[in-house]
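Please read these numbers as outputs of a predicted model, since none were measured by experiment. Every chain is numbered from 1 and lettered A, B, ... according to where its sequence line falls, protein lines coming before strand lines.
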There are 2 protein chains.
Amino acid sequence: MEVSAALNISSAEWQVMRVAWTLGQVSSQTVSDVLAEKMDWKAPTVKTLVGRLVKKGALTADRDGKRFLYRPVISEQQAMDTASEVFIEQLCQHKVGKTLLKMVQETTLSQADIAALIATLQEKQKTAPEAVSCNCVPDNCQCADGECNCK
Amino acid sequence: MEVSAALNISSAEWQVMRVAWTLGQVSSQTVSDVLAEKMDWKAPTVKTLVGRLVKKGALTADRDGKRFLYRPVISEQQAMDTASEVFIEQLCQHKVGKTLLKMVQETTLSQADIAALIATLQEKQKTAPEAVSCNCVPDNCQCADGECNCK
DNA sequence: TATTTAAGTTTACATTTGTAATCGATAAAT
DNA sequence: ATTTATCGATTACAAATGTAAACTTAAATA
């Protein structure tokens, strides 16, 4: 029995979710209006995506007269965190650091974000290993000399 | 004419690329062996993926007697950076910071990684804005009070 | 040179995703 | 009560993806 099968939200569906997360509760009409503007999608396209999201359990539908109002089942932050995990997991663990660095470099962060990041990093520093071994297979990674625990 | 159409590598294909990145140059036989072990894939599955990657321009094939040797066209770091960008871009910009924080928290980082991150963050701190406005549509984001520039 | 065998190529096929038209039901308005 | 304007549901359909069998070709070997 599947327990918490991290519902898989596609890229197009993600757009719909963002509107739902933003408004908390939306009619398909509203989503259509927003995404007709932003993505140039036709109403039936949005309806299909909404339908798929309901089926996947990412949205719930509550009848409101003639129509339905849809609400996100999972929070945006939760979805983003799950997506991050999936993203990170598929990478060579040795190179995740460099990739996070790139992300930090390329992103606009607030003072608060930066402060939180620095604080967390300083904390991690206390127990961080010299090197993170890569988990590439076969065990023959060309990591630069000594940078990696791989052997 | 498409210039640098950030070749789109699927999740299964990514597994093949990782082996190619790790070894630099591989026969489909080798990839098969590795991924039969790691992913429990049959040889034909790997052959299909390799074929698709060659067609997509992610791998080049050089004849070596009976077989071919495949080499990655783009570097792993480059691919990871591109993937990061795509990933980040789809998120609410206001919440990227929290998501990066989560990633940092959940990941094992080396002393060097951490040092580099802190250095970069301290630099960014000098010019970082108080808040990053979210780019959710419609312009009605429920960001916590004052944390966001949205209005 | 004939045969074997291992590579690549072709074909297959279900599922997911992107994108949408059309149909049917029903609430709202007349 | 009937009409109508919407909604949601059904159907559509191509491309991408996951997964693999079958076929073909060419190299290696007997």
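dT22(C) atom P lies 13 Å from atom NZ of Lys47(A), rounded to whole Å. Rounded to an integer number of Å, the gap from Arg67(A) CZ to dA28(C) P is 10 Å. Atom-to-atom, CG of Asp64(A) to C1' of dT26(C) comes out at 14 Å; the value is rounded to the nearest Å. One can place CD of Gln15(A) at 14 Å from C1' of dT19(C), the figure rounded to the nearest angstrom. Rounded to whole Å, atom C1' of dA16(D) lies 15 Å from atom CG of Leu7(B). Look at CG on Leu49(A): it is 10 Å from C1' on dA20(C), rounded to the nearest Å. Distance, Asn8(A) CG to dT16(C) C1': 9 Å, rounded to whole Å. The separation between Phe68(B) atom CZ and dT25(D) atom C1' is 12 Å, rounded to whole Å.
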Pair Thr99(B), Gln77(A) - check side chain to side chain donor-acceptor pair (under 3.5 Å), show working.
CA-CA 7 Å; Thr99(B) 302; Gln77(A) 193 64 55; 3.3 Å; yes
Residue pair Ser84(A), Asp81(A): steps toward the side chain to side chain donor-acceptor pair (under 3.5 Å) verdict:
CA-CA 5 Å; Ser84(A) 306; Asp81(A) 291 346; 4.8 Å; no
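Contact annotation: Ser27(A) side-chain N/O to dC7(D) OP1/OP2 distance is not under 4.0 Å.
No contact: Lys55(A) has no heavy atom under 4.0 Å from any strand.
Using the six-membered ring where Trp is involved, Trp21(B) and Trp14(B) have ring planes that are perpendicular, over 60° apart on the 30 and 60° scheme.
With distances taken from any side-chain atom of Ser11(B) to the nucleotides dT17(C), dG18(C), dG18(D), the minimum falls on dG18(D). Side-chain proximity of Tyr70(A) to dG8(D), dA5(D), dG18(C): nearest is dG8(D).
Looking at Arg52(B), its side chain comes within 3.5 Å of the base of dG18(D) through a donor and an acceptor atom. Side-chain to base pairing of Thr48(B) with dA20(D): one donor and one acceptor N or O lie within less than 3.5 Å of each other.
Checked against Asp62(A) for a side chain to side chain donor-acceptor pair (under 3.5 Å), the options Arg71(A), Arg67(A), Gln25(A) give a single hit: Arg71(A).
Here Glu13(A) pairs with Lys56(A) in a salt bridge; the nearest charged N to carboxylate O distance falls below 4.0 Å.
Contacts between residues 29-46 of chain B and DNA chain D, counted as heavy-atom distances below 4.0 Å, involve Trp41(B), Lys42(B), Pro44(B), Thr45(B).
Between Glu13(A) and Gly65(A), the residue anchored nearer the 5' end of DNA chain C, judged by the nucleotide with its closest heavy atom, is Glu13(A).
Residues Val16(A) and Arg52(A) are not in side-chain contact: their nearest non-hydrogen atoms beyond the backbone lie 4.5 Å or more apart.
Annotation for Gln125(A): atom CD counts as buried by contact number, over 12 foreign heavy atoms lying within 6.0 Å.
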